[in-house]
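The structure under discussion appears below in the form of structure tokens.
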Amino acid sequence: MTEEIRFTLDGREVTAEAGETIWQAAKRAGVEIPHLCWLDAPGYRADGNCRACMVEVEGERTLAASCIRKPKDGMNVKTASERAAKARKMVFELLAADQPPQVRHPDPDSKFWKWAHELGVEGSRLPARERFTPDPSHAAIAVNLDACIQCNLCVRACREVQVNDVIGMALRGHEAKPVFDFDDPMGNSTCVACGECVQACPTGALYEKSLMDEQAQTRTVWPDKTVDSVCPYCGVGCQTKVSVKDNKIVQVDGREGPANENRLCVKGRFGFDYIRHPERLTTPLVRREDSPKRGDIQVDPRNPWEVFREATWEEALGRAAGGLRDIRDTHGGGALAGFGSAKGSNEEAYLFQKLVRQGFGTNNVDHCTRLCHASSVAALIEGIGSGGVTAPFTAVEDADCFIVIGARPEQNHPVAATYLKQAAKRGAKVIVIDPRGQELMRHASHPVRFKPGTDVALLNAMLHVIIEEKLYDEQYVQAHASGFEALKEKVAEFSPEAMAPVCGVEADYIREIARTYANAERAIIFWGMGISQHVHGTDNSRCLIALALTTGHVGRPGTGLHPLRGQNNVQGASDAGLIPMVFPDYQSVEDPDVRRRYEDAWGQPLDPNRGLTVVEIMDAIHEGEIRGMYILGENPAMSDPDQTHARAALAKLDHLVVQDIFLTETAWHADVVLPASAHAEKLGTYTNTNRQVQLGRPAVSPPGEARQDWELICEIARRIGLDWRYSGVPEVYEEMRALMPSLANIPWSRIEREGSVTYPADDEDEPGREILFGEGFPTKDGRGRIVPADLLPPDELPDADYPMVLTTGRLLEHWHTGAMTRRAGTLNDLEPEPVACMHPRDIERLGATAGESIRVETRRGAIDLTLRADRDVSAGMVFIPFCYGEAPANVLTNPQLDPFGKIPEFKFCAARVSRVPQAQAAE
Ligand code: SF4
Ligand code: SF4
Ligand code: FES
């Protein structure tokens with residue numbers, strides 16, 4: 001039972017819950033006490049250093065800081081006594097003495113000035129101390145320590161909330177000041193620009209440059225409105241507060257969403273200006289008759305007029321739909337295909353797959369999930385009957401151990417990473433397994449670097465230990481799992497001693513990590529594309545599922561399986577049916593009962609055969625089977641493996657319609673380009689990696705003639721003969737929901753009201769279920785299926801000609817193919833040029849120096865990039881981010897597919913590296 005404390009506050013009897021401070025209890029009672037060094041937000045502890053919150057406690061000689069003082073039964077607290085009010089006013093006056101005058105203040109509307117005015121303090125009678133020099137070195141954040149009150153909030157924000165450990169408080173007393181690393185200029189420090197300190201700072205000493213004058217010293221911009229929305233980048237799904245001035249986004253802050261509790265990363269906070277980039281598409285374009293398609297074409301998005309001409313909407317839509325309709329009517333629906341987008345909303349994804357299935361008459365519809373977690377989903381559906389996560393990443397708060405394998409959350413899911421780092425600080429055992437080193441290993445009890453491509457060897461060896469040493473949960477296995485005996489037989493041959501030379505991890509260490517995971521009370525596994533993007537990606541995931549099922553680490557708080565989903569809506573787009581084998585909610589297109597339901601709902605017969613996947617569609621174009629495509633918000637010319645092959649395929653199409661916000665590399669090959677809406681311009685729902693369905697609201701209107709994506713899909717649908725009439729996004733959502741059991745009890749009105757609802761929800765009044773499968777699995781027999789995996793080497797091993805291993809991935813600052821982040825000013829300033837990362841020893845062996853130009857070649861092509869030294873990259877390996885259009889990593893990658901998930905092997909191929917002669921590099 002929660003203990004309640006009764007005390008008197010300004011003459012009223014009030015109650016405090018156990019652990020609450022006077023300040024918190026007063027707030028609940030409707031009394032807000034001034035405060036500066038206390039931030040009433042999740043993750044912040046009170047520090048009690050500024051004395052702005054002093055109150056009088058009857059019978060006590062000194063005043064008490066209400067932000068740290070806890071009430072006791074019978075205590076009599078006066079917040080507004082003359083003594084308390086006078087003391088608080090004096091505190092503000094003292095602090096104001098060192099502030100720049102309000103007219104020249106970094107933020108004249110800061111929390112500091114708000115409270116100062118409330119207390120009647122307009123300035124100070126006291127002499128000011130010496131001024132600090134402004135530090136404008138960071139691309140997005142201005143540092144004006146003139147306005148600093150040494151409240152220490154930025155230090156707690158950086159170290160305790162985001163766990164980045166960059167800011168510290170240096171010197172003492174009057175001299176004290178926040179510093180970055182060793183008192184470096186912020187722009188030269190290891191700051192990752194999450195901006196948590198900016199959001200926390202009560203004075204504006206740390207402030208967004210986007211709201212300030214050119215010198216970054218005084219605020220000049222005040223928004224007209226603020227809109228609650230959700231971040232457009234990764235699958236974490238941080239909720240945002242978007243501030244707008246003159247139809248332009250000027251600031252983004254974090255909101256208290258279930259996945260971020262006010263936190264953001266650099267992309268969500270500072271990557272907002274791409275939507276007003278001069279290259280934004282604002283009018284429909286059609287290809288000029290005299291511009292034939294070529295796979296090696298380069299189009300300047302600022303001057304596309306040699307290839308395209310402007311068109312009216314009527315002409316563009318007529319041509320777009322006409323071309324698709326003609327191919328369907330002449331060659332059949334199987335000659336068409338569509339790529340939808342994991343960046344669009346659920347409603348757009350639903351409409352798009354419906355258009356392809358109902359309007360084109362084929363299941364050839366896919367999206368980039370194929371390129372990120374298709375193998376994980378294949379293994380999860382096979383193993384536990386569901387493709388979603390069994391627990392949110394925030395469940396790590398209850399775990400005493402967790403594994404992160406093949407994932408770099410600090411770069412790709414930065415806000416999720418903050419929860420993992422907090423759990424590590426709390427004392428959870430952390431096993432980080434990756435061929436490349438990473439920051440998270442600093443927090444790991446068990447960092448594990450292993451040879452790339454040998455995941456099954458390592459994981460099977462762990463399973464071997466768990467079975468040999470009887471560390472498995474016999475009761476759980478008996479009640480909830482099948483396939484244990486087959487696993488036992490398979491992993492018998494995978495002893496740690498036998499696998500150590502294969503995976504490069506010592507046998508004793510393999511035993512130790514296996515014991516650590518299996519013996520934990522509650523353990524959870526997170527994985528990323530280092531697991532899934534292999535020809536053995538499904539096998540890798542099968543091993544992880546086997547680990548969870550043998551140890552019973554699933555279905556309870558602090559346990560589970562969590563593939564960290566990449567794009568902001570890759571979970572939702574998959575749920576909504578942008579997959580060639582399944583209708584919405586993963587219902588097989590080959591199941592006659594399921595199909596009948598969709599045929600009844602959509603009023604016509606549907607294709608009974610599974611469609612082609614992303615890479616298969618490219619091959620089918622080369623073979624002349626696919627002749628026309630509609631691509632919405634995806635960029636396969638950059639994201640597909642073996643790019644030369646992919647671009648040649650796009651160029652070969654008789655008809656290509658691209659709907660996007662920029663003239664992407666894919667759009668270069670289009671017949672018709674439809675200018676669409678950016679995330680911040682539209683209404684819709686998005687489902688994050690935690691299965692939380694969240695509402696994105698429009699903050700600004702689309703530029704020029706650009707239109708809403710859902711309307712454009714409907715325009716195409718009507719023009720190819722479908723009678724689609726939707727009144728708006730909510731109606732689309734409700735139609736989709738009627739076909740998706742997972743969204744039962746989550747009507748549009750509920751999402752609008754609550755902003756975020758986890759599915760499944762058992763009742764409209766009940767919160768959704770975060771932890772799934774405590775009572776068994778949604779499989780035919782209710783049991784989880786353990787599927788043993790065998791060793792399968794990567795498709796293309798290094799040899800004498802190509803002696804290195806190439807691996808690809810993302811950077812913190814750039815998202816996916818870079819279409820948005822390369823056009824976001826701050827993000828591009830932070831990471832402006834294509835780089836290839838190698839271990840310093842390999843660089844030395846090459847006779848090169850970091851910063852020079854190098855050529856990376858594979859059997860599929862070559863690109864030139866700037867060499868960067870990185871000790872995290874193993875010897876013998878080269879890492880290239882795939883976001884750079886001028887040096888596209890996917891020219892190099894291997895399109896070989898995992899046989900189950902049909903995902904290409906982006907994470908491993910043979911490569912060679914050479915220096916580029918200087919004269920050539922300068923050209
Ligand atoms: S910079 Fe801001 S948050 Fe940091 S100590 Fe100074 S006033 Fe406090
Ligand atoms: S963690 Fe992901 S969702 Fe959150 S702000 Fe960063 S990019 Fe956006
Ligand atoms: S807000 Fe309580 S001491 Fe600063």
Side-chain angles (χ1 to χ4, degrees), residues 39 43-44 106-107 132-145 147-148 150-170 176-212 216-217 231 233-234 238 251-254 260 262-272 408-418 421-422 425 438-440 442-443 810-815 821 824-832 835 868 870 872:
L39 187 62
Y44 285 88
D107 181 12
F132 291 98
T133 319
D135 170 10
S137 61
H138 194 274
I141 301 169
V143 183
N144 287 294
L145 293 186
C148 175
Q150 295 85 41
C151 72
N152 191 274
L153 261 176
C154 52
V155 180
R156 279 170 280 156
C158 186
R159 294 186 171 264
E160 296 172 23
V161 179
Q162 293 261 355
V163 201
N164 288 326
D165 299 341
V166 177
I167 309 183
M169 199 53 91
K177 63 166 188 170
V179 292
F180 306 93
D181 293 337
F182 298 103
D183 204 2
D184 295 314
M186 189 186 209
N188 297 353
S189 73
T190 55
C191 168
V192 291
C194 67
E196 185 75 32
C197 56
V198 174
Q199 195 166 298
C201 179
T203 65
L206 302 171
Y207 207 57
E208 284 102 334
K209 281 185 167 177
S210 60
L211 297 175
M212 304 180 90
Q217 282 178 35
C231 173
Y233 289 109
C234 88
C238 296
Q251 181 189 26
V252 177
D253 266 337
N260 65 316
N262 300 315
R263 302 168 210 185
L264 292 179
C265 79
V266 60
K267 293 187 284 286
R269 191 180 299 280
F270 296 119
F272 53 76
R408 303 173 72 81
E410 283 194 292
Q411 274 88 46
N412 298 326
H413 301 83
V415 168
T418 65
K421 290 182 283 186
Q422 283 180 329
K425 275 202 162 178
Q438 56 174 293
E439 251 311 275
L440 198 58
R442 190 166 65 81
H443 301 267
R810 298 184 178 122
L811 296 172
L812 168 66
E813 291 80 4
H814 288 304
W815 186 248
T821 52
T826 297
L827 302 178
N828 207 44
D829 282 353
L830 291 170
E831 274 293 356
V835 288
R868 180 178 285 178
D870 185 346
D872 283 341

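Since the model is a prediction, treat every value here as computed from it, not as a measurement.
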Run D165 and R442 through side-chain contact (heavy atoms from CB on, under 4.5 Å) and show every step you take. CA-CA 11 Å; D165 299 341; R442 190 166 65 81; 3.5 Å; yes
Run the side-chain contact (heavy atoms from CB on, under 4.5 Å) check on H138 and L830 step by step: do they pass? CA-CA 9 Å; H138 194 274; L830 291 170; 4.3 Å; yes
Going through the checks in order, is the side-chain contact (heavy atoms from CB on, under 4.5 Å) test met by N144 and M212? CA-CA 12 Å; N144 287 294; M212 304 180 90; 3.8 Å; yes
Take L39 and R156, measure what side-chain contact (heavy atoms from CB on, under 4.5 Å) needs, and give me the verdict at the end. CA-CA 10 Å; L39 187 62; R156 279 170 280 156; over 6 Å; no
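Atom CZ in R159 sits 7.0 Å away from atom NZ in K425 (nearest 0.5 Å). Annotation: the span from M169 atom CE to N152 atom CG amounts to 4.5 Å, rounded to 0.5 Å. Taking CG from N188 and CZ from F180, the interatomic distance works out to 11.5 Å, rounded to the nearest 0.5 Å. A distance of 5.0 Å separates CG in L206 from SG in C197, rounded to the nearest 0.5 Å.
Residues T821 and E813 are not in side-chain contact: their nearest non-hydrogen atoms beyond the backbone lie 4.5 Å or more apart. In this structure the side chain of C265 never reaches within 4.5 angstrom of the side chain of H413, judged on heavy atoms. Side chains of T418 and V161 form no contact here, defined as non-hydrogen atoms less than 4.5 Å apart. Inter-residue side-chain proximity for P178 and C148 is flagged as met; some heavy-atom pair is nearer than 4.5 Å. Here the side chains of Y207 and I141 are not in contact, with every heavy-atom distance at 4.5 Å or above. Inter-residue side-chain proximity for K267 and L812 is flagged as met; some heavy-atom pair is nearer than 4.5 Å. Taking 4.5 Å as the limit, every side-chain heavy atom of V143 sits out of range of all side-chain heavy atoms of F132. Inter-residue side-chain proximity for Y44 and L153 is flagged as met; some heavy-atom pair is nearer than 4.5 Å.
A search for salt bridge (Lys or Arg N to Asp or Glu O under 4.0 Å) contacts involving D253 returns R269, not counting sequence neighbours. Shown here are the salt bridge (Lys or Arg N to Asp or Glu O under 4.0 Å) partners of R868, two or more places apart in sequence or in another chain: E831. Contacts of K421 classified as salt bridge (Lys or Arg N to Asp or Glu O under 4.0 Å), with partners at least two apart in sequence or in another chain: E410. Residues forming a ring-ring contact (aromatic ring centres under 6.0 Å, His included) with H814 (at least two apart in sequence, or on another chain): Y884.
Within the structure, salt bridge (charged side-chain N to carboxylate O under 4.0 Å, His left out) contacts touching residues 176-189 (residues at least two apart or in different chains) are K177-D183. Listed by first and then second residue, the salt bridge (charged side-chain N to carboxylate O under 4.0 Å, His left out) pairs that reach into residues 189-210 come to none, sequence neighbours excluded.
Contact between L827 and G271 at its shortest, heavy atoms only, is CD1-CA, 3.5 Å. Looking at every heavy atom in both residues, P106 comes nearest to G204 through CB-O, 3.1 Å. Across every non-hydrogen atom of A200 and A157, the tightest pair is CB-CB, 4.2 Å. Minimum interatomic distance between G254 and N260 (heavy atoms only, all atoms of both residues): CA-ND2, 4.3 Å.
Ring geometry for W815 against Y233 counts as perpendicular: the plane angle is over 60°, on a 0 to 90° scale with 30° as the lower cut.
A distance-only check finds no donor-acceptor pair linking the side chain of N164 to the backbone of A193 [under 3.5 Å]. Side-chain atoms of Q162 come within 3.5 Å of backbone N or O of L264 as a donor-acceptor pair.
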